[in-house]
2 protein chains.
Amino acid sequence: MKIITYNVNGLRSALSKGLLDWVREADPDVLCLQEIKAGTAPLDVSGFEALGYQAYLHPAAKPGYSGVATFTKLTPKAVVVGCGTECYDSEGRVLRLDFDDFSVLNTYMPSGTSRPERQAFKIGWLHFFRAYVRELQATVPGLVIGGDFNCCQRDIDLHNAKANQNSPGFTPEERAWFADLLADGYTDAFRHHHGDAVGHYSWWTFRSGARARNVGWRLDHLLVDSGLQPRITAAGHLPDAVHSDHCPVFVELGE
Amino acid sequence: MKIITYNVNGLRSALSKGLLDWVREADPDVLCLQEIKAGTAPLDVSGFEALGYQAYLHPAAKPGYSGVATFTKLTPKAVVVGCGTECYDSEGRVLRLDFDDFSVLNTYMPSGTSRPERQAFKIGWLHFFRAYVRELQATVPGLVIGGDFNCCQRDIDLHNAKANQNSPGFTPEERAWFADLLADGYTDAFRHHHGDAVGHYSWWTFRSGARARNVGWRLDHLLVDSGLQPRITAAGHLPDAVHSDHCPVFVELGE
DNA sequence: CCTCATATG
DNA sequence: CATAAGAGG
């Protein structure tokens with residue numbers, strides 16, 4: 001059971017760079033994409049269907065903005081599009097697929113880098129999201145939260161922690177939020193498997209050759225319900241995929 | 001004395017495709033450019049200056065839209081930017097350089113293809129322009145009107161006259177306007193030199209390989225005051241220049 | 001430094 | 001089918 005999360009920075013752009021060939025090779029059972037940036041016309045998902053995937057989409061109301069999609073080879077027993085809160089659902093930020101013994105919550109958390117109001121919006125979302133997940137825990141066992149969190153927790157999760165103490169994505173408030181979320185009963189699959197390994201990032205700015213110099217952040221995560229933790233057989237990054245400014249992040253669960 | 005008119009469809013784009021190398025080779029004395037599409041930052045004309053040109057610009061008020069520029073190796077004795085009518089000058093459509101024994105009126109006439117209101121605007125412009133030129137005739141002898149006229153006169157000026165009887169750029173009204181303008185005392189340099197030659201166009205849509213199939217229109221013209229007609233030594237198109245959806249059009253005047 | 005929508009041609 | 005600005009990241 002391989003689950004991959006990947007912020008594609010525009011699904012059509014990623015497709016034009018050979019995303020489907022990469023999907024065929026990587027062969028995830030469940031593929032969570034973020035920032036699909038769907039337009040006004042319906043997205044063409046036939047390429048995924050040809051590879052045996054069912055497609056579930058949650059685009060933003062605004063064309064070309066945000067949006068998540070989950071592709072799955074397993075048939076879900078339930079699909080929940082959105083979270084029921086309009087200001088988030090209009091931005092296409094959550095999509096849940098329930099399977100027999102686990103659920104995959106695909107999420108694209110807001111970025112706070114453009115304007116202070118968006119950082120405030122993000123903080124609001126983080127509080128909402130934690131409460132939302134706590135509620136899910138009661139009814140949806142075996143949650144796997146996968147997506148672009150647009151934040152990280154520890155100094156080793158970004159190239160230059162010192163210079164970014166107050167940068168959106170690494171503020172004390174966000175770091176504390178991340179720790180609290182984990183304390184609610186989740187395992188960061190990457191850290192579980194790689195311990196305190198450094199230099200593993202999932203996003204690099206396009207500017208000034210940051211990716212070639214590995215000046216990045218670990219913003220994309222797969223948080224696994226701690227009850228599922230014993231089933232984690234592998235986890236990591238797939239930095240050879242170059243369709244985006246992010247790289248894919250994966251986890252494998254045994255039976 | 002070589003005068004070239006060229007709709008560059010974005011000066012920065014054309015420069016990135018080697019416009020300056022082409023200018024060095026073509027070596028015009030006066031170069032009229034249209035659709036420079038200047039942005040908010042001042043255009044970098046140093047490359048033209050390095051080739052010995054003086055630069056005169058008339059950008060539109062709206063960044064990235066319309067605008068004309070004239071580059072000259074001869075020092076003009078007068079330069080007139082715009083025509084004095086705000087609704088045209090805000091779109092950067094005329095720029096006149098007076099030399100000792102002739103003047104070059106660089107013009108980018110409105111396109112009418114986007115919306116009916118723009119075709120109406122264009123018709124208004126055409127009437128204005130003819131009156132404007134009639135006034136100039138009294139005070140500015142030896143006028144050379146060069147630019148993208150966005151219209152043509154005769155069946156042989158476009159690939160498919162039959163199908164375009166009512167297309168903007170070839171409506172009966174525009175064709176009559178063109179004939180009237182010539183009757184005011186101007187010689188179409190291209191026709192003067194090439195008679196009724198067919199298949200010579202100066203614009204091809206980017207769509208569906210129109211240029212390769214030579215499915216085009218002759219929209220760019222050099223109209224020479226009939227008093228200067230005896231001085232025309234050469235005229236024609238330069239379709240090997242491929243920086244734009246238009247090609248350059250030239251005329252040479254002897255002493 | 002990218003992708004995308006929109007305006008304009 | 002292109003250019004360009006502008007939003008968003």
Side-chain angles (χ1 to χ4, degrees), chain A residues 7-17 19 34-41 43 59-67 91-92 108-115 117-119 121-122 148 150 167-169 203-213 215-217 219 242-246, chain B residues 7-17 19 34-41 43 59-67 91-92 108-115 117-119 121-122 148 150-151 167-169 203-213 215 217 219 242-246:
Chain A
N7 177 320
V8 289
N9 189 31
L11 180 51
R12 284 164 294 170
S13 167
L15 287 169
S16 77
K17 295 171 183 166
L19 181 69
Q34 301 87 36
E35 276 203 277
I36 59 173
K37 296 187 176 181
T40 45
L43 272 170
K62 176 169 161 172
Y65 177 70
S66 185
E91 297 191 356
Y108 173 47
M109 306 206 183
S111 165
T113 54
S114 57
R115 287 162 299 150
E117 310 92 84
R118 289 303 291 180
Q119 177 67 5
F121 179 82
K122 176 188 190 176
D148 176 358
N150 263 316
S167 299
W203 173 81
W204 307 262
T205 175
F206 279 122
R207 283 160 256 200
S208 51
R211 190 161 184 172
R213 297 182 290 119
V215 175
W217 295 52
L219 298 179
V242 288
H243 315 90
S244 169
D245 50 347
H246 293 248
Chain B
N7 178 320
V8 289
N9 189 31
L11 181 50
R12 281 163 297 170
S13 167
L15 286 169
S16 77
K17 295 169 183 167
L19 182 70
Q34 300 88 35
E35 276 203 277
I36 59 171
K37 296 187 176 181
T40 44
L43 272 171
K62 176 169 160 172
Y65 178 68
S66 185
E91 297 191 356
Y108 172 49
M109 307 207 183
S111 165
T113 54
S114 58
R115 286 161 298 145
E117 311 92 83
R118 289 302 291 178
Q119 176 67 3
F121 179 81
K122 176 187 188 176
D148 176 358
N150 263 316
C151 57
S167 299
W203 174 81
W204 307 262
T205 175
F206 279 122
R207 283 161 254 202
S208 51
R211 190 163 184 170
R213 297 182 290 120
V215 176
W217 295 51
L219 298 179
V242 289
H243 316 90
S244 168
D245 50 348
H246 294 248

Q. Does any N or O in the side chain of A/K122 come within less than 3.5 Å of the main-chain N or O of A/P168, such that one atom is a donor and the other an acceptor?
A.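 It does not hold such a pair.
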Q: Could you tell me whether B/S208 contacts a base, only the sugar-phosphate backbone, or nothing, with contacts defined as non-hydrogen atoms closer than 4.0 Å?
A: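 Sugar-phosphate contact only.
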Could you tell me the separation between the [atom1] atom of [X] and the [atom2] atom of [N], rounded to a whole number of Å?
X: A/F206; N: C/dC4; atom1: CZ; atom2: P; value: 10 Å
X: A/N9; N: C/dC1; atom1: CG; atom2: C1'; value: 10 Å
X: B/I36; N: D/dA2; atom1: CD1; atom2: C1'; value: 18 Å
X: A/E35; N: D/dA7; atom1: CD; atom2: P; value: 17 Å
X: A/R207; N: D/dG8; atom1: CZ; atom2: P; value: 15 Å
X: B/K37; N: C/dT6; atom1: NZ; atom2: C1'; value: 13 Å
X: A/Y65; N: C/dC2; atom1: OH; atom2: P; value: 21 Å
X: B/R115; N: C/dT6; atom1: CZ; atom2: P; value: 15 Å

Q. Looking at D/dG6, D/dT3, D/dG9, which one has an atom nearest to any side-chain atom of B/P63?
A.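 Of D/dG6, D/dT3, D/dG9, D/dG6 is nearest to the side chain of B/P63.
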Q) Which nucleotide in the set D/dG8, C/dA7, C/dC2 lies at the smallest distance from any side-chain heavy atom of B/K62? A)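 Nearest to the side-chain atoms of B/K62, counting from C-beta on, is C/dA7.
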Q) If you look at every heavy atom in A/N9 and A/K37, which pair is closest and at what distance? A)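 Here A/N9 and A/K37 meet closest at OD1-NZ, 3.2 Å.
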Q.
Ignoring hydrogens, what is the shortest heavy-atom contact between B/S244 and B/H246? Give both atom names and the distance.
A.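 In this case the closest contact between B/S244 and B/H246 is OG-N, 3.0 Å.
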Q) By ring pair (Phe, Tyr, Trp, His ring centres under 6.0 Å), which residues pair with A/F121, not counting sequence neighbours? A)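 Here the qualifying residues are A/Y88.
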**Q.** 5′-ward residue of the pair A/G10/B/S111 relative to DNA chain C
**A.**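 Looking at the nearest nucleotide for each, A/G10 comes out on the 5' side.
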